[in-house]
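What follows is a set of notes on a single structure, which appears directly below.
Lettering follows sequence order; numbering is per chain, from 1. The figures that follow rest on heavy atoms only: side chains count, while hydrogens, waters and symmetry mates do not.
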Amino acid sequence: TISDKFQDISRRIFSGGKLTEKNIEEAIREIRTALLEADVNYGVAKTFIQRVKEKALGEQLVKSVKAREQFIAIVFDELVSLMGPVDTSISFAEKRATVIMMAGLQGSGKTTTCGKMAKFLIKKGHRPLLVAADIQRPGAIEQLQILGETLGVPVFSEPNWTPPKICAKAVAEASKKNCDVVILDTAGRLHIDEGLMKELGEIKKKTKPDNIFLVTDSMTGQDAVNSAQEFHKLLGLDGVVLTKLDGDTRGGAALSIREVAGCPIKFVGMGETLDRLEEFDPQRMASRILG
Amino acid sequence: FQLGRKIDENFLEELEEKLITADVGVETTLYLISSLRESYKNKEIENKEAILDFLKETLKKKLSKKENTIARASEGPTVILVAGVNGVGKTTSIAKLTYYFSQEGKKVILAASDTFRAAAIEQLEKWAQRLDVDIIKQKMGADPAAVAFDAIEAAVARKADILIVDTAGRLHTQKNLMQELGKISRVMKKKIPDAPHEVLLVLDSTTGQNAIVQAKQFDEVISLTGIFLTKLDGTAKGGVVLAIQNQLETPVKFIGLGEQYEDIEVFDGERFVDALFS
Ligand SMILES: Nc1nc2c(ncn2[C@@H]2O[C@H](COP(=O)(O)OP(=O)(O)OP(=O)(O)O)[C@@H](O)[C@H]2O)c(=O)[nH]1
Ligand SMILES: Nc1nc2c(ncn2[C@@H]2O[C@H](COP(=O)(O)OP(=O)(O)OP(=O)(O)O)[C@@H](O)[C@H]2O)c(=O)[nH]1
Ligand SMILES: [Mg+2]
Ligand SMILES: [Mg+2]
């Protein structure tokens, strides 16, 4: 379903019925404004409307009677393809415990997402182990321990060790605890903090994660590309979890991230409780971004 | 010299990109660009080279008109209510404010009114220990308004200068939680009619245009007196506060520049504008 605003734009601009180069230009300008208001990155928006324009003009739209519908379809499909194809898979290891590493900026929802992921995996018949690798935020370990208690999931913690050592030990101990998936909750950090980004690289080296997920706040604005780019460059991301989508943010960061993180958005956070993790749906996201 | 000279459109497009990527937003950007065009036409700007400086000066003037000091109670404790959406930095910012006021020699007391999130009380408690201040708390699941009320009574009894109330993160779209916030504010008035003297919305500088509706909705339930803009030590510019200032007149009072309690600064409009364009 296409959003109302987008329908209004196209209805008003193409009210004459015929598509011309002039009114396509006008429609494209309005769509660009809608995207920027939705927090789509400036550069990503520019590239996007350029593609739409080429397609619209190139597809002999001007001649067709169903031109307006065709134009709407082009924009929507282009948005969906930018975010798709749909891939909500989690990679499971063959002969050892599967490792999932959560990383991201401060406050994006990593710890909560670790809890949600554990619950999600339990439903699928797995036995997860949560690892409290954030030893710097006050109460971070307690926070994860409470989530673990709520779910009946063990939590590995060693407050006096370094995060890479904690993660390595947890992965080594997983089978002893009869756990087949290890979820690493790391501390929030800035992508420009060399020391902390290096630490993340250390954790990756020691635990060889099967899944490295970037947890991103869906209300992030133009800065989304900067952090996604750096995390991807350093770690090589396997997926993105977009959180707090239960709010009313348009979520344009979703477009930007896919472009620079080179990986699909796999899950979305739809609330604070541990059952609120859903698989990503690009069609619904495209509709939401268009406002 | 021709009358009504035309401005360099390419340069304006560069400026537009700069403003939008700083999260200033389309509406505010178009407004700023069109008024630049006007000023240039009316010869208020010398030449092309002076355009950027003119824009900076205009923005600096707008921001400096704002009062960025904290309101103080005429007698009894000054009560500061801290609110905002999830994960923006409320609890950490309260630690910073505690440090800031302690440096002024003020006696600060904290209220752990986030009774919902896992380990929220523990988190604030650890900050209170590090900063050596009292904290009023109850069990997880307790009524946040009851904790706030208790804290006001304690602040009065212990002759505290400042009481800072931490609240749970909540999305402005959650009607019942927004009502709960309004109740926390009203309950405090039962003990101190002028409380809360200061109502700070904590905004994450990485947040995009959604910050505007956050500010509007929070303002509606608890009447904001200021903004605490966090995580400016990152690469985000926080330009959305310009739009908020335009529409709501809410001034930014403090900024957060890191995860430790010393990482707080009083908002400086001049430096903010310079950083926006850097
Ligand atoms: N509404 C909503 N809130 C969420 C969602 N995910 C997380 N939160 C909330 O966001 C806040 C931050 O979540 P955390 O899990 O502590 O974030 P974090 O990334 O671990 O934070 P740091 O460890 O400090 O970097 C908490 O209040 C969570 O309850 C979501 O999908 N929707
Ligand atoms: N780099 C940086 N990190 C910050 C800043 N302010 C807060 N943080 C971090 O952001 C994360 C979230 O901070 P909190 O204080 O827990 O946020 P909150 O708004 O209280 O979160 P909820 O209560 O869950 O809604 C923590 O990891 C903080 O250390 C800042 O100015 N700079
Ligand atoms: Mg965390
Ligand atoms: Mg908090």
Side-chain angles (χ1 to χ4, degrees), chain A residues 32-43 45-46 105-112 115 136-147 149-150 187-193 216-227 230 243-244 246-253 269 271-272, chain B residues 16-27 29-30 85-92 95 116-130 140 168-174 204-211 213-214 217 230-231 233-240 258-260:
Chain A
R32 178 169 170 261
T33 300
L35 293 178
L36 292 176
E37 287 173 343
D39 291 324
V40 174
N41 176 263
Y42 189 89
K46 209 171 189 184
L105 296 179
Q106 291 89 347
S108 62
K110 297 174 293 301
T111 306
T112 309
Q136 78 94 10
R137 166 174 153 156
I141 298 176
E142 285 85 336
Q143 185 183 3
L144 194 66
Q145 282 174 332
I146 291 174
L147 298 187
E149 255 170 64
T150 309
R189 68 204 64 212
L190 296 177
H191 49 291
I192 53 172
D193 186 325
T216 300
D217 193 323
S218 60
M219 28 184 154
T220 309
Q222 297 289 316
D223 195 55
V225 291
N226 300 331
S227 41
E230 288 308 305
T243 63
K244 309 174 200 172
D246 44 316
D248 62 1
T249 189
R250 301 267 290 280
E272 288 193 79
Chain B
E16 180 190 271
E17 176 167 3
K18 193 80 180 159
L19 290 168
I20 297 214
T21 49
D23 285 320
V24 172
V26 176
E27 188 179 319
T29 297
L30 291 182
V85 304
N86 309 70
V88 293
K90 298 177 290 303
T91 306
T92 311
F116 172 76
R117 204 208 69 211
I121 299 170
E122 288 82 338
Q123 183 185 4
L124 190 65
E125 217 171 351
K126 296 196 187 218
W127 282 119
Q129 283 163 8
R130 288 187 198 181
M140 188 172 160
R170 71 204 64 222
L171 297 179
H172 48 286
T173 48
Q174 295 169 301
D204 187 327
S205 58
T206 63
T207 304
Q209 299 309 299
N210 195 250
V213 59
Q214 285 176 27
Q217 302 270 335
T230 64
K231 309 179 196 172
D233 46 318
T235 50
K237 304 285 185 179
V240 68
E259 303 195 61
Q260 303 310 323

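Residue A/Thr249 holds its OG1 atom at 10.0 Å from CG of B/Leu171, rounded to the nearest 0.5 Å. Here the OG1 atom belonging to A/Thr220 is positioned 9.5 Å from the CG atom belonging to B/Asp23, to the nearest 0.5 angstrom. A distance of 8.5 Å separates OG1 in A/Thr112 from CG in B/Asn86, rounded to the nearest 0.5 Å. In this structure, the separation between CZ on B/Arg117 and CD1 on A/Ile146 is 9.0 Å, given to the nearest 0.5 Å.
Between the side chain of A/Asp223 and the backbone N or O of B/Lys237, no donor-acceptor pair lies under 3.5 Å.
Both the backbone and the side chain of A/Asp248 come within less than 4.5 Å of a heavy atom of chain B. In this structure, chain A has no heavy atom under 4.5 Å from any part of B/Gln129. Of the two parts of B/Val240, neither the backbone nor the side chain holds a non-hydrogen atom closer than 4.5 Å to a non-hydrogen atom of chain A.
Looking at B/Val85 and A/Lys244, their side chains never come closer than 4.5 Å, going by heavy atoms from C-beta outward. Side-chain contact check for A/Gln143 versus B/Glu122: every heavy-atom pair is 4.5 Å or farther apart. Contact check for A/Glu142 versus B/Glu125: no side-chain heavy atoms found under the 4.5 Å cut-off. Between B/Thr173 and A/Asp246, the closest side-chain pair of non-hydrogen atoms is not below 4.5 Å. You'll find the side chain of B/Glu16 stays beyond 4.5 Å of the side chain of A/Leu36, heavy atoms only.
Highest contact tally toward chain A, considering only B/Gln209, B/Glu17, B/Lys126, is held by B/Glu17 [criterion: heavy-atom pairs under 4.5 Å]. When each of A/Gly107, A/Gly221, A/Pro138 is scored by its heavy-atom pairs under 4.5 Å with chain B, the top score falls to A/Pro138. In terms of non-hydrogen atom pairs under 4.5 Å with chain A, the most contact-rich of B/Asp233, B/Val88, B/Thr92 is B/Asp233. When the candidates B/Gly89, B/Ala211, B/Gly234 are compared by the number of heavy-atom contacts under 4.5 Å with chain A, B/Gly234 comes out ahead.
Contact record, B/Ala119 with A/Gly139: CB-O, 3.7 Å, taken as the closest heavy-atom pair. Residue B/Thr21 comes nearest to A/Gln222 through the heavy atom pair O-CB, 3.3 Å, listed as atom of the first residue, atom of the second, then distance.
Taking B/Glu259 as the reference, A/Gln106, A/Gln136 meet the side-chain hydrogen bond (donor to acceptor under 3.5 Å, both in side chains) condition, with sequence neighbours excluded. Listed by chain and number, the residues in a side-chain hydrogen bond (donor to acceptor under 3.5 Å, both in side chains) with B/Asp204 are B/Thr206, B/Lys231 (sequence neighbours excluded).
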* **Audit row: B/Gln123, A/Arg137, side chain to side chain contact (heavy atoms under 4.5 Å, CB included) steps and yes/no** => CA-CA 8 Å; B/Gln123 183 185 4; A/Arg137 166 174 153 156; 3.4 Å; yes
